[in-house]
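Values below: all heavy atoms of this structure, side chains included; hydrogens, waters and symmetry mates excluded. For ligands, and for the atoms within them, numbers begin at 1 and follow the listed sequence.
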Amino acid sequence: MKIKLCLLYGGKSAEHEVSLQTAKAVTQALNTEKFAIFPIYITKEGKWIKGKELIESIKDVKELTFKEDGEEIVPHALNASLALNEEKSSNYDVIFPLLHGPNGEDGTVQGMLELLNIPYVGNGVLSSSAAMDKVIMKNLFAQEGLDQVKYTWFIRSTWEAAPERAYEKVESELGYPCFVKPANLGSSVGISKCDNRADLENAFSEAFKYDRKIIIEEGVTAREIEVGVLGNDYPECSVAGEIVPKKGFYDYQSKYVDGNTELVIPADISAEEYTELRSMAVRAFRSLDCSGLVRADFFITNDGRTIINEVNTMPGFTPFSMFPLVWKHTGVDYPELIERMIHLAVERHQEKQ
Ligand code: ADP
Ligand code: MG
Ligand code: MG
C-alpha cells in the first residue's frame, strides 16, 4: 500500500514563490511507487485548492497551481475532503506543510493539523510559534544559557506613548550599531541596521509596519554559519555551512536583496568550533521542544565568540537551499532527507497517541 501524502504548499506569505519551487522539487524527488501524492495549493489570497493525485512528476511550477481542474476546499475540511470525493482513499497518512513564515511556519497550520489528528512533517505548535517570535525564542535560549547578542523589545503602543524613552533605552543598553527587526517574520523583511539616532527612528517606523512587536539587537561583525538538525528526541546535526557575501564585505542586504551570496559547505571552521556549534544547535532545538527539523543559525564573531542567532523551523527547502545542501554533504541526499522527515512525523504522532 502506498503512503498517502498530502503536500500543502503556496501560502498566504511573502515566500509563496519559494514554496512553489520547493513543492516542485519535492514531488520530483518522491518515489511514486512508495507515495501517493495529493497536492493542496494555498493561493496568495488564502484559498485552499485541492488537486488530484499526482501520477507524474511536475515539470512546470504553473502545473502545480491547479487553475483549471482544482476544487476549492475550506481548510477544516482537509481531512474529510478526500474521503468524500474519492472512493479509493479514506484520508491522508501524513501531511507535509511546505510553507514558510506567518500562517505556515508559526504554529497556526500546525494547530489545525493537530486537531485533524494526522501526522505532519516538521515542528509542532509550540516550537513553531516560539521560534517565529524572536523575543520568545531568545528568552528561551537565554534560559538554556546559550550565548547570544544583547536584545530588548517593544510593542507599538509603548513606543508611541514615549518614543524618546524607547530610543534612549536602546542607546544605553545596546548602543550602535544595532539591528531592528519585526518580532514575527523571516527572510529579513522589515530589518534595518542602525548606526545613529536617525537610523533608529526610521528603523522603528519600518519594523512596526510589519508587526506590533519589534526586537532590537546589539549588532555584531561576524561570520554566519548554519547547521541542520534532524530528529525528534535524539536529534542529529549536519556539517556546518557558511553564508559568504560575494562582495567581500559584511552586508546583510546583499544576502537577500541582491542574492549576492555564496554557500560554502562544509564551512571552514575548526573541529572545536564545529563541536561547539553542534552542542549549541541541539541545546537550542531542545530548549524550544522542537521536533523533525530546524536550521540553527549562528554568528562566529571576529573576536571568537560563537553565538546563536535563531532557529528556523521550516527553513528554505529547495534542493539549492542551505538545509538540504548541508545534509547532502553529511551523506543524506534530498529524497532520503524527505523520507526521513516523513518518518519522523509518523514517529512523533505515534508517540503522542
Ligand atoms: P530572519 O529571520 O529574517 O532571517 P535574522 O535575525 O536572521 O532574521 O536577520 C537577518 C540577517 O540580518 C542575518 O542573517 C544577518 O546577516 C543580519 N543580522 C541580524 N541580526 C544581526 C545582529 N545582531 N548583528 C549582525 N548582523 C545581524
Ligand atoms: Mg528566521
Ligand atoms: Mg535568518
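Near E310, the atoms of ligand 1 lying under 4.0 angstrom from a non-hydrogen atom of the residue are 1 (P), 2 (O), 4 (O), 5 (P), 7 (O), 8 (O). In summary, the atoms of ligand 1 found under 4.0 Å from a heavy atom of K181, numbered by their order in the structure, are 5 (P), 6 (O), 9 (O), 19 (C), 20 (N). Taking a cut-off of under 4.0 Å to the non-hydrogen atoms of E218, the atoms of ligand 1 that pass are 22 (C), 23 (N), 24 (N). Counting atoms of ligand 1 from 1 in the listed order, those under 4.0 Å from a heavy atom of K134 are 1 (P), 2 (O), 6 (O), 8 (O).
With hydrogens and angles ignored, the 3.5 Å screen pairs a side-chain donor or acceptor of S13 with a backbone N or O of E15. Not a single donor-acceptor pair under 3.5 Å links the side chain of E171 to the backbone N or O of A166.
Under a 4.0 Å N-O distance rule, the pair E276/R305 does not qualify as a salt bridge. In summary, R348 and E351 do not engage in a salt bridge, as defined by a charged side-chain N under 4.0 Å from a carboxylate O. Note on E310 versus K134: salt bridge recorded, some NZ/NE/NH1/NH2 to OD/OE distance being below 4.0 Å.
Applying the 6.0 Å contact sphere to CH2 of W159 captures more than 12 heavy atoms from other residues, nucleotides or ligands. Enclosure of atom CZ in R165 is not indicated, since only 12 or fewer non-hydrogen atoms of other residues, nucleotides or ligands lie within 6.0 angstrom.
By the criterion of a heavy-atom distance under 4.0 Å, the side chain of I191, and not its backbone, is placed next to ligand 1. Of the heavy atoms in K193, none comes closer than 4.0 Å to ligand 1. Residue-level proximity to ligand 1 for I243 is absent, since no heavy atom of it falls below 4.0 angstrom.
Among P315, P245, S188, the residue whose heavy atom sits closest to atom 10 (C) of ligand 1 is S188.
Relative to the six-membered ring of Y176, R197 misses at least one condition, a distance below 6.0 Å or an angle of at most 45° to the axis.
Considering backbone and side-chain atoms alike, N312 places every N or O at 3.5 Å or more from each N or O of ligand 1.
Among protein atoms, those of element N, O or S found less than 2.8 Å away from the Mg ion (ligand 2) are E310 OE1, E310 OE2, N312 OD1.
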Item to check | Derivation of the side chain to side chain contact (heavy atoms under 4.5 Å, CB included) call for N117 and H349 | outcome: CA-CA 8 Å; N117 201 28; H349 188 78; 3.2 Å; yes
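F317 and Y334 have their aromatic ring centers within a separation under 6.0 angstrom.
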